[in-house]
Amino acid sequence: MASRVGNRWKFTINQPPFYFGKEKLAVHFCCGGIKLNKNAEVVKLDGSIIPGLYVCGEASGGPHGHDRLGGVALTSAFVFGRIAGRNAVTM
């Protein structure tokens with residue numbers, strides 16, 4: 001049975017087994033980040049690239065813009081990670 005107390009829910013647990021886990025708020029994903037182009041190169045505010053500097057994964061802000069679909073963070077990391085890695089070794 002659950003009842004509301006202030007801004008929290010109070011749950012009555014009266015049948016074993018009993019488990020305890022600490023819960024806390026955490027950032028799951030930040031939309032935005034370092035701007036990149038299709039080659040995973042870092043793009044400056046003036047539109048020029050920074051030679052030799054690449055970005056991928058959640059540090060990048062290019063593929064999703066202001067919102068993203070759930071479950072695509074690893075895809076972004078792998079795709080742009082591979083692109084960045086290939087471009088970095090061919091410099």
Side-chain angles (χ1 to χ4, degrees):
M1 165 167 286
S3 62
R4 191 164 176 101
V5 177
N7 64 353
R8 295 180 175 205
W9 286 92
K10 180 181 171 185
F11 293 92
T12 304
I13 303 171
N14 48 16
Q15 185 175 355
F18 302 109
Y19 300 97
F20 173 78
K22 185 176 181 181
E23 295 182 13
K24 64 179 182 174
L25 295 174
V27 174
H28 166 68
F29 185 87
C30 292
C31 291
I34 300 170
K35 186 174 182 180
L36 73 160
N37 63 16
K38 67 179 183 176
N39 297 319
E41 297 169 300
V42 174
V43 178
K44 297 193 301 187
L45 292 175
D46 66 6
S48 64
I49 64 165
I50 300 175
L53 185 59
Y54 298 89
V55 64
C56 64
E58 293 189 20
S60 66
H64 304 294
H66 298 294
D67 200 1
R68 75 171 180 99
L69 297 173
V72 297
L74 285 178
T75 303
S76 175
F78 292 147
V79 169
F80 282 96
R82 184 174 183 168
I83 292 169
R86 282 186 170 173
N87 287 321
V89 297
T90 59
M91 277 191 60

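In this chain, residues are counted from 1 in sequence order.
- Between Ile49 and Asn37, the closest heavy-atom pair is CG2-ND2, 3.6 Å.
- Val43 and Phe80 fall into different hydrophobic clusters, where Ile, Leu, Val, Met, Phe, Trp and Tyr residues are linked whenever their side-chain heavy atoms come under 4.5 Å apart, directly or through other members.
- For the residue pair Ala84 and Val55, the shortest heavy atom distance occurs at CB-O, 4.4 Å.
- Distance check: Leu36 CG to Ile50 CD1 gives 12.0 Å after rounding to the nearest 0.5 Å.
- Between Cys56 and Gly81 the shortest heavy-atom distance is CB-N, 3.4 Å.
- Looking at Asn39, its side chain never comes within 3.5 Å of a backbone N or O of Glu41 through a donor-acceptor pair.
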